[in-house]
Amino acid sequence: MLKTQITASQLYEKLKNIKLGASVCQYSLKKCEELVPIINEINELKEEKNAVILAHSYISPEIIYGVSDFVGDSYKLSKDALTTTASTIVFVAVRFMGETAKILNPEKEVLVPATLDGCSLADSINAETVRDLRRQYPDHTFICYINTTAQVKAECDVTVTSANVYKVAKAIPNDKIYFLPDKFMGQNLKNYMEREGIKKDIKFYSGTCYVHEDYGMDDILKVRLEYPDAKIVSHPECNSAIVDNSDFVGSTEQMLGYMKETASKQFLMLTECGLSARLQSEFPDKQLVGSCTMCKFMKSNTLGNILRALKNPLPKDRVILDEPTRLRALKTIEAMFRYA
Ligand code: 13P
Ligand code: SF4
């Protein structure tokens, strides 16, 4: 057997504890037997083409445990993209994450196999709007969330991710900050600064993530009634009532780290379902309570699309950026690495 090949029972071992509501996220040995041929074909092609697969934690479990080389949140994956020596990066996530990899690796081929080309935050603002805002607030430092297009990053000063937004905003030597595009993360940042006694004028844009804006205090209250000992863990794209009533708030990788290090057995994870699936696979002794919501953009990645992108990429799979935009966007990502 080639070293790149896995068996159905090895795959089933990784997937058998995943029991989210939808049948799409439940696995039998028979389903794994059906998945293994395409998984092994992808793994062989990866070797042949000197390619690596980076997958966000929201991606379907058979991709994470079958073919990916790196898994994590957008901050970890951008660092992984920086260090890989492979000549092709297949970024199994959403377009802006592939763009970040391309900004950092202009000489590499970067492919994004998702069929739905979007993210509700990245789609909420364009470069022209940022230029208008900069005319309106000429003294503010413009911080953009990594969930933005390369063109939007190019108009800003610093990029942040959910893993470092508070730390970077704190370190910026300007007391006037404009944060975009997520209004909930902007409000959460403002509240955090006030709690810490840091005086900064924080303005923010009006975008939202359609997955995280779906959560409300009801989700927490229901769980608190039924599972009084459960830890409430949320992503900073959730609204402030949720964030202020959570036991822990952080990026998806930090949420995973919190679960790993916390002795409690029950957790409500307020983020996309893919993370919950990953947690069920990796921490089978912990119980996830409540429900989760799926991101259609992340879930538009399939094994079939990945195989197609590796074998014969469509023009839309390829991430191509014009050099002036790339260089301006790169400055904002380098600023993030400096401050974080
Ligand atoms: P993370 O960087 O925390 O993984 O979040 C990315 C994202 O798109 C959340 O919706
Ligand atoms: Fe974008 Fe929301 Fe999907 Fe994250 S979960 S990729 S912010 S639409």
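Quick note: residue numbers are just sequence positions, from 1. Both counts, for ligands and for their atoms, begin at 1 and track the order of listing.
Of all protein heavy atoms, the one lying nearest to atom 6 (C) of ligand 1 is H56 NE2, 3.7 Å. The protein non-hydrogen atom at the shortest distance from atom 2 (Fe) of ligand 2 is C209 SG, 2.3 Å. The protein non-hydrogen atom at the shortest distance from atom 5 (O) of ligand 1 is H235 NE2, 3.3 Å. Protein heavy atom at the shortest distance from atom 3 (Fe) of ligand 2 is C295 SG, 2.4 Å.
Here E237 has side-chain heavy atoms under 4.0 Å from ligand 1, and that is the only part of it that gets that close. Counting heavy atoms closer than 4.0 Å to ligand 1, residue E272 contributes nothing at all. Within the 4.0 Å heavy-atom criterion, both parts of D73, backbone and side chain, lie near ligand 1.
Side chain of Q254 to main chain of S251: a donor-acceptor pair is present (N/O by atom type, distance under 3.5 Å, no hydrogens or angles).
Counting the atoms of ligand 2 from 1 in the order shown, those under 4.0 Å from a heavy atom of F297 are 8 (S). Every atom of ligand 1 is numbered from 1 in the order shown, and the set under 4.0 Å from a heavy atom of S251 is 3 (O). For ligand 2, the atoms closer than 4.0 angstrom to any heavy atom of S120 are 1 (Fe), 8 (S). Close approach of ligand 1 to Y58 is summarised as follows: ligand atoms under 4.0 Å from at least one heavy atom of the residue are 7 (C), 9 (C), 10 (O). Near L121, meaning under 4.0 Å from any of its heavy atoms, are these atoms of ligand 2: 7 (S). Interface atoms of ligand 1 facing S162, defined by a heavy-atom separation under 4.0 Å, are 1 (P), 2 (O), 3 (O), 5 (O).
Looking at D73 and K76, no side-chain N of the basic residue comes within less than 4.0 Å of a carboxylate O on the acidic one, giving no salt bridge. Between E282 and R278, at least one side-chain nitrogen of the basic residue sits less than 4.0 Å from a carboxylate oxygen of the acidic one, meeting the salt-bridge criterion. At a threshold of 4.0 Å, the pair D317-R308 counts as salt-bridged, since one of the basic side-chain nitrogens sits closer than that to a carboxylate oxygen.
A heavy-atom distance below 4.5 Å is not found between the side chains of E44 and I42.
The heavy atom nearest to atom 2 (O) of ligand 1, considering only G72, S74, S78, is found in S74. Within the set V94, I146, N147, the minimum heavy-atom distance to atom 7 (S) of ligand 2 is found for N147.
Judged by distance alone, the side chains of T148 and K153 do bring a donor and an acceptor atom under 3.5 Å apart. Side chains of T159 and T332: a donor-acceptor N/O pair is present below 3.5 angstrom, by distance only.
The shortest heavy-atom distance from E237 to ligand 2 is under 4.0 Å. In this structure, H212 has a heavy atom closer than 4.0 Å to ligand 1.
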Let's go through S240 and N188 carefully: what are the C-alpha distance in whole Å and the side-chain angles of both, what is the deciding distance for side-chain hydrogen bond (donor to acceptor under 3.5 Å, both in side chains) to 0.1 Å, and is it a yes or a no?
CA-CA 6 Å; S240 299; N188 290 328; 2.9 Å; yes

Begin from the C-alpha positions of C292 and C273 and carry the test disulfide (SG to SG under 2.5 Å) through to its verdict.
CA-CA 5 Å; C292 58; C273 296; 2.2 Å; yes

Applying side-chain hydrogen bond (donor to acceptor under 3.5 Å, both in side chains), run through Y192 and K170 and close with a yes or a no.
CA-CA 10 Å; Y192 168 82; K170 230 161 123 175; 3.2 Å; yes

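Each of E237, H235, H212 was compared with T271 under the side-chain hydrogen bond (donor to acceptor under 3.5 Å, both in side chains) criterion, and only H212 meets it.
The distance criterion of under 3.5 Å between nitrogen or oxygen atoms is met by N147 with respect to ligand 1.
Atom 3 (Fe) of ligand 2 has no N, O or S atom of C119 inside 2.8 Å of it.
For the pair K296 and Y210, the distance from NZ or CZ to the six-membered ring centre is under 6.0 Å and the angle to the ring normal is within 45 degrees.
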